[in-house]
Amino acid sequence: MIKKPKIIKNLTAVMFIVFSHHSLAADGKLIGTAGLSQVEGSGGGGLVPWATLSGYDSQDQMSVNVFTTQVDLDDYRLNVVGINASFYDRVEISAAQHRFDLKTLGGDIKQNVFGVKYKLYGDVVYSTWPQISAGLQHKQLQDGTIAQAVGAQNNSSGTDYYLAATKVHLGAIAGYNAVWNLTARATKANEMGLLGFGGVNNNSYQVMLEASAGILFSRHLAVGVEYRQKPDNLGLGEDDWTDFFVSYIPTKSVNVTLAWANLGTIAGAEKQQGIYLSLNGQVW
Amino acid sequence: MKKTLILLILVLAGCASTHSSIYQQMGGQEKVVEVVENFITEIEYDSRMFEYFKDSDVDRFHQKLIEHLCYLTGGPCKYTGDEMRQVHAGMNINEADFNHGVDLFINAMEKANISHPIQNKILAVLAPTRKDIIYL
């Protein structure tokens, strides 16, 4: 039986919602400076949560975004659907669902991620110092069987805490706008939580560093790289993640990101690489 | 990954422009005037922005904005207008409307055929005035 890829259905749904509500979208930021929705649902880059909030709301506005992301690796495929809302460019809440397909072994792992982010300082474009935000991501595994089998200490839920700094420098590199982000995340999660939390190697919180750097070649095109450090609690050789991305931002209501993701060894399967595709739409 | 990032930065730094002023790079007084006139046209056709300008002296705004843009981009002008804080006091311009104004200013530069990198450099010298414009 040929199954219609879920991402196509999701994309269609996102496009429909975006274009049917186009005129209502908050527009109080410069185009290209609101960023994207990262894999766990927070406003960010692709793999890394940023200090920026998800939408184009200013301090007098609200915004709601929906997004869908697929990362298609050699032996696995991560499917994400999510929604986030940002209030007065100050507080962001998010919910995302992960379905991690085990292409080689069969079956999947599902988890839900709920996030909150609070902007502590600044404006990513206009303040002298970077915008700073603090946030958390609470992860609930729907079925802990696989997490337990690989030796996770906790196979039901866990919470990550992070502090992020993000800055856009206008005209910084040969006249092109540059953006960078640095995030410190305290976590016990194995492979984002898909393989549970903690393990034989380590069962306490560790601080991981994550970073992004990008250049906006026009108001509609951003290119960059990301890095996400990961713990190896299970002793399965869990690797740090990297990606190269290209984002197309035709309007403030919609953006598409295509990336090459290198996620290394996942649950013993080495060199997991593949295409990351994400569509993000601001519906309010 | 690290090597690629370093290479990317070096290549871009290599393209970095010379030390001429942004005023010269954008095309001098002729372009300053063109951008300001385009901006005024953008405001005239935008009901949301026009609201803030409906009681303004357009000729004075025209003249002082040319001086200010010339001065801020490093041109041979003196800004003889009022302090920015004073000009915007009591207007209570919110952040969303300010950013909308920036969008219109970008349109004005676009219509004057200012290149994307030069547009960014102009925005970078104008950006610090934001604190003297919003919520006053």
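The model shown is predicted, which means the values in this text are computed figures rather than measured ones. Numbers restart at 1 for each chain; the letters A, B, ... are given by sequence-line order, proteins then strands.
- Under a cut-off of 6.0 angstrom, the local environment of OH in B/Y71 is sparse, with at most 12 non-hydrogen atoms contributed by other residues, nucleotides or ligands.
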Table please: side-chain donor-acceptor pairs of residues 254-270 of chain A below 3.5 Å, with sequence neighbours left out.
| residue | atom | partner | partner atom | Å |
| --- | --- | --- | --- | --- |
| A/T257 | OG1 | A/S247 | OG | 2.8 |
| A/N262 | OD1 | A/G264 | N | 3.3 |
| A/T265 | OG1 | A/D239 | OD2 | 3.3 |

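- The aromatic rings of B/H116 and A/Y176 sit tilted, their planes meeting at an angle between 30° and 60°.
- With a 4.5 angstrom heavy-atom cutoff, B/I106 touches chain A only via side-chain atoms.
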Extract all donor-acceptor atom pairs below 3.5 Å that involve side chains of residues 126-136 of chain B and protein atoms in other chains or at least two apart in sequence.
| residue | atom | partner | partner atom | Å |
| --- | --- | --- | --- | --- |
| B/T129 | OG1 | B/L126 | O | 2.6 |
| B/R130 | NH2 | B/E95 | OE2 | 3.0 |
| B/K131 | NZ | B/P128 | O | 3.0 |
| B/D132 | OD1 | B/R85 | NH1 | 3.1 |
| B/Y135 | OH | A/D60 | OD2 | 2.5 |
| B/Y135 | OH | B/E95 | N | 3.2 |

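- Counting heavy atoms from C-beta on, the side chains of B/N120 and A/R219 come closer than 4.5 Å.
- Interface check for chain A: of the options B/V125, B/I118, B/N94, the most heavy-atom pairs under 4.5 Å are formed by B/N94.
- Among all heavy-atom pairs drawn from A/Q61 and B/A96, the shortest one is NE2-CB, 3.6 Å.
- A distance of 7.0 Å separates CG in B/N99 from NZ in A/K252, rounded to the nearest 0.5 Å.
- Atom CZ of B/F98 has more than 12 heavy atoms from other residues, nucleotides or ligands within 6.0 Å.
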